[in-house]
Student: 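Below is one structure. I have some questions about it.
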2 protein chains.
Amino acid sequence: METTYINRKDHIRQVAQQLFRKNGYTATSMRNLAGEIGIEPASLYSHIKAKEDILQQICFELAGSFFDAVTPICDALIPTEEKLRRVIVAHIQVITNNLDASAVFFHDWRHLGMESLKKFRTLRSEYEELFRSIVRQGMAEGTFRKVNEKFMVLTIFSAMNWTYEWYQPGMNLNSEAIGNNLADMLINGLKTIERLKD
Amino acid sequence: METTYINRKDHIRQVAQQLFRKNGYTATSMRNLAGEIGIEPASLYSHIKAKEDILQQICFELAGSFFDAVTPICDALIPTEEKLRRVIVAHIQVITNNLDASAVFFHDWRHLGMESLKKFRTLRSEYEELFRSIVRQGMAEGTFRKVNEKFMVLTIFSAMNWTYEWYQPGMNLNSEAIGNNLADMLINGLKTIERLKD
DNA sequence: CCTACCGATCGGTAGG
DNA sequence: CCTACCGATCGGTAGG
């Protein structure tokens, strides 16, 4: 049986993601990686310059995916509550579509070198600001309760970013349902309440 | 100036927590640790048997703190909503009082050896069940909306456990306020709503 | 708590 | 993509 493989560099990154997720970046050796792929350790360096290159690729490519998914929603002219719901769903879909990369992204970004680390932190701040501005808007117009804005956004990210820890592809909840459940919970809360019609 | 030090074993663990939190368990060498303490690497082994011993101490002692803080609240005869609020506040206080240990607990538990790992997972399940039973009770009696129970509890833990990533001791929010804000948000949601009196 | 040291493994390079 | 190999560093032990 013949299989068409993706190119070697992507193959390396894919296997690396799995190993980094399972054992952590530092605990994964280039020998582990090469062994899993089925080549000699030294051969990896025909495709990559250094171990950290792989980490950089994983982190920055996923960062790109987050921005690509969320930015168009931020620019859309839709009600604030709906906007928040949609960015939550979009963010979670990126995570569930990239579970290995997400685990590395959230765990191992701090092992990036100084230069990459700085760039990474900047990107992350910019991304968080996208959510912060939606929350700010909602509070200003009275859609959302006025609570500490920073705290609010941190909580939203907390709830979203833990998803990769427990989500499994075979689950009875698909990723859109998870996003909507989470948005429901954050927006409407857990309590049984009588609501006046909108 | 004389200082009374805590005993050496505790000192080792305390410094280890800081280093593990900053650089990760695997990326921290016994030489790093010894250097930070100011002794020779080999001298560490007068106080501990192995590197993993330190990780075990950190993880299981913090697990104990979580149980100690939350169990009495679970046993109390108080309304379900209040009970959920209090376990959330208690859990977050354990985290904010043990920031280094919490970071290690949430990040590095997977580097425990097979035996400890199994024990750790069992404890964690038991702990999660404490929260799950409160949520279940609340849904049964109509205090909480009926949503997927497992999902609900995972979201609560997500929001709580991310705290160690951004909480800093000097913040204008103290840990009880953070717990209450979080409980508010999870219980009442973000939306501006008209509520009937309880 | 130190000196001296072990075998194993690390990320990476030279040269083909 | 491989063979052969580098210097550095790893967790840990022997013996005092």
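Sequence lines set the chain letters: A, B, ... in the order given, protein chains first and strands last, and positions in each chain run from 1.
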Student: Does the distance from a Lys or Arg side-chain N to an Asp or Glu carboxylate O, for Lys22(A) and Asp100(A), drop under 4.0 Å?
Tutor: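 Salt bridge absent between Lys22(A) and Asp100(A).
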
Student: Using atom CD1 of Ile39(B) as one end and atom P of dT3(C) as the other, report the distance to the nearest whole Å.
Tutor: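 After rounding, the gap between these two atoms is 12 Å.
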
Student: Please check the phosphate of dG12(C) (OP1 and OP2 only) for any side-chain N or O of Arg31(A) closer than 4.0 Å.
Tutor: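 No, outside the criterion.
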
Student: With the side chain of Lys51(A) defined as its heavy atoms from C-beta on, choose the nearest nucleotide among dG11(D), dG11(C), dC1(D).
Tutor: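 For Lys51(A), the side-chain atoms sit closest to dG11(C).
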
Student: Taking NZ, NE, NH1 and NH2 as the nitrogens, is one of them in Glu129(B) or Arg136(B) under 4.0 Å from a carboxylate oxygen of the other?
Tutor: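 Between Arg136(B) and Glu129(B) there is a salt bridge, with a charged N closer than 4.0 Å to a carboxylate O.
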
Student: Whole angstrom is fine here: how far is it from CG in Leu19(A) over to C1' in dG11(C)?
Tutor: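 Result: 16 Å.
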
Student: Need to verify one output field. Residue with the more 5' nearest nucleotide on DNA chain C, Ala42(A) or Ala27(A)?
Tutor: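 Going by which nucleotide is closer to the 5' end, it is Ala27(A).
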
Student: Nearest of dT3(D), dT3(C), dG11(C) to any side-chain atom of Glu40(B)?
Tutor: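 Output: dT3(C).
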
Student: Find the distance Asn32(B):CG to dT9(D):C1' and express it as a whole number of Å.
Tutor: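 Result: 10 Å.
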
Student: Tyr45(B) side chain: which of dA4(D), dC2(C), dG12(D) is closest?
Tutor: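 Nearest to the side-chain atoms of Tyr45(B), counting from C-beta on, is dG12(D).
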
Student: Given side chains that start at C-beta, do those of Lys51(A) and His111(A) come closer than 4.5 Å, heavy atoms only?
Tutor: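 No. Closest side-chain heavy atoms not under 4.5 Å.
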
Student: Got a donor-acceptor pair under 3.5 Å from the side chain of Ser29(B) to the base of dC10(D)?
Tutor: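 Side chain to base: no pair below 3.5 Å.
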
Student: Measuring from atom CG of Leu84(A) to atom CD1 of Ile156(A), what distance do you get when rounded to the nearest 0.5 angstrom?
Tutor: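 If I round to the nearest 0.5 Å, the distance is 5.0 Å.
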
Student: For Leu44(B) and dG11(D), what is the distance between atoms CG and P respectively, to the nearest whole Å?
Tutor: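 The answer, rounded to whole Å, is 10 Å.
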
Student: Using a cut-off of 4.0 Å on non-hydrogen atoms, how would the nucleic acid contact of Thr28(A) be classed: base, sugar-phosphate, or nothing?
Tutor: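 Touches sugar-phosphate only.
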
Student: Which of these nucleotides, dC1(C), dT3(C), dC2(D), is closest to any side-chain atom of Ser43(B)?
Tutor: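 Closest of the options to the side chain of Ser43(B): dC1(C).
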
Student: Ignoring the backbone of Met30(B), work out which of dA4(D), dC1(C), dG11(D) is nearest its side chain.
Tutor: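 Of all the options, the side chain of Met30(B) is nearest to dG11(D).
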
Student: In whole Å, what is the span from the CG atom of Leu33(B) to the C1' atom of dC10(D)?
Tutor: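 So the CG-C1' distance, Leu33(B) to dC10(D), works out to 14 Å.
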
Student: Could you check whether the rings of Tyr164(B) and Phe106(B) sit parallel, tilted or perpendicular, using 30° and 60° as the cut-offs?
Tutor: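 Tyr164(B) vs Phe106(B) ring planes: parallel.
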
